[in-house]
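Throughout, a chain's letter reflects where its sequence line sits, starting with A, and its residues are numbered from 1.
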Number of protein chains: 2
Amino acid sequence: MSHPTGQVVTLRDVAAAAGVSVSTVSRALDDRLPGSKGATAERIRELAASLGYRRNAYASGLRRGATGTIGVLVPRLTDVVMAMLFESLERAAKAKGYFAVVATCGDDQADEQRATETLLDRNVDGLVLATARLDDVLTTSLRERQVPHVLALRSDRTSPSVLGDDETGGYLAVRHLLDLGHREIAMIMGPSFASSAVDRVAGARRAFTEAGLDLPESQIRSGSYSLEEGYRAGADLIDTVAPSAIFAANDNLAIGALRAAHERGLTPGSDISIVGYNDIPLASRLPVPLTSVHTPFDQIAGAAIDLLLSGDEPADGYVERIMPTLIPRASTAAPRRLS
Amino acid sequence: MSHPTGQVVTLRDVAAAAGVSVSTVSRALDDRLPGSKGATAERIRELAASLGYRRNAYASGLRRGATGTIGVLVPRLTDVVMAMLFESLERAAKAKGYFAVVATCGDDQADEQRATETLLDRNVDGLVLATARLDDVLTTSLRERQVPHVLALRSDRTSPSVLGDDETGGYLAVRHLLDLGHREIAMIMGPSFASSAVDRVAGARRAFTEAGLDLPESQIRSGSYSLEEGYRAGADLIDTVAPSAIFAANDNLAIGALRAAHERGLTPGSDISIVGYNDIPLASRLPVPLTSVHTPFDQIAGAAIDLLLSGDEPADGYVERIMPTLIPRASTAAPRRLS
DNA sequence: CTGTTAGCGCTTTCAC
DNA sequence: GTGAAAGCGCTAACAG
């Protein structure tokens, strides 16, 4: 590459052109503190713009000790849920004058560790993690090292977190099925190390209990949040439990279950009801649109960035929960009458 | 945030601990040039590791004039195609010791411009763009400013590009349908500013011509690469042209068309055949698995990174094309006999 | 192979 | 308000 990071116009150039010193230019262009800055400042700013001056983020960051960059860690971006979260974080960060960089680390704890170091090496001012496990070790070390960080979507129950209210979401989903008249309800919960999965089950349980019913372990399948897992678990549940409805703790799982149902000749909505979670864009656009619990990613991301940049250190276990909404669609309906 | 970018251990600390000068340490830790570096070097490296030293990427980048960072620009990450490309680029970059940062810019040309400047402001050593238009203006300015860049997936026919062989892919898709016996084939092409869409149509045309057939404009719909577009176009084609098969230039479009077919009581595979493009993970896991043209993202990303880092400036119009493969699945079958 | 010296581009005291 | 000077942490000449 011929022309790597060769600075085009520097502060020196602007200073020379304006006939002032670099420090004056630096101050005139410093948009952090006061608003207006007198006449010369305005002149300098116009000059800088016309020369095409752009601040060198590295030099600036080196001196300031802060880089205006927020690191985001997600397991994968090919999971639309994570892509949506990142896009929301990117927007929220931008609105505050920050730039978001992302690293992916899969589900491996060692890779998570490595990816975090990589982000920290890039001098990020703080971290948003969507990878938290209930038994997380990484977050402990971040707290010890005093690295500013916020967990999003999933919590370890200790580091500051911004989550969807998963318990309520789980409750809403099952309550919806119960209201339709379903009694044989099974659940595909997702990975048991994720607070989102655990909390959604807890909410589901509450709905059952409230209706004087029970959610036996034999009707719950756990695993990852993948399509395959949904397919496997859905097939297994239909074959062994034959439920009239399935609540999947994630839209991917629900779509996998949809396929299992289809293979067995069951039509979603009429032969079997299926509820997903997150309301990814695809959910409403499937051949049979999927009932799902909508997660407000923009709100979660906004709150996460605010919390990260607020500067306060919240007490251990501090959590903000954003309320989800159930969106009923064609994949759920009253169960078939026994004939 | 209490403890922003406060360097923990610097070269000075390591130098002091080792009883040598900072430049000695800097050289011992410079993993760019020779391999082994004698005894003291080894000792220094161990010491640095035990002290937990991490090079400050900003200071290093400032001095070196290169930052080991590659900027990636995509329209959106919630499009799985773009997410797959980015994840592949991230891996390919990492394998070469680089870090990939991404920015999203939607389909707006002004936002594309802004996002590019943002990436350039972060001193990236080069850019990979998946946003190229046939009438692109941004790429022109990048060439003028001598910014090292490579286009991926889509080309402007001028800047160096690494693409799937879309013409061949389009040919394979239509050839497959023709071989099954289809004659009434319609096409949903995607955005006409994207070379991928245009080339896939060209390939499709070649297959038609070769079979002594024709692809009239009235059987082609263009628009975006979105699910909605697929739904709209699919519905319209079915209602007006009533084709026995549809080739969609993208899996999203195909899935949208699937919904339109379903709404009209048509079962994919038996009543209507549908082919997609890219073979996203979801394609094989739909209730009716989707026939699709597989795009090898890892190869494309690897070639793009290699080309970017090679340092040569390829001639205008230089393009590498990676061969796709057709994956037949249940969504395509021989047409219904006229009864 | 090692240390000294200078400086990447910017920000920030500190005087004026 | 402005400028001179120092320095963020690191690397690259240049001598030795």
Rounded distance [0.5 Å steps], CZ in B/Arg54 versus CG in A/Leu120: 8.5 Å

Nucleotide-resolved protein contact map, nucleotides 10-16 of chain C, B/S/- at heavy-atom distance under 4.0 Å: BBBB---

Nearest-nucleotide 5' precedence on DNA chain C, A/Leu62 against B/Gly19: B/Gly19

Atom-to-atom span, CG of A/Asn123 to C1' of D/dC10 - whole angstrom: 12 Å

Gap between atoms CZ and P, on B/Arg43 and C/dC1 respectively (whole Å): 15 Å

A/Asp156 and A/Arg143 ion-paired at < 4.0 Å: yes

Flag, side chain of B/Ser88 to backbone of B/Met84, donor-acceptor distance under 3.5 Å: yes

Could you pull out all donor-acceptor pairs under 3.5 Å where a side-chain atom in residues 314-322 of chain B meets a protein atom, sequence neighbours excluded?
from: B/Tyr318; atom 1: OH; to: B/Glu320; atom 2: OE2; distance (Å): 3.2

Test side chain to side chain contact (heavy atoms under 4.5 Å, CB included) applied to B/Arg114 and B/Glu117, step by step: CA-CA 5 Å; B/Arg114 272 189 286 275; B/Glu117 296 307 327; 5.8 Å; no

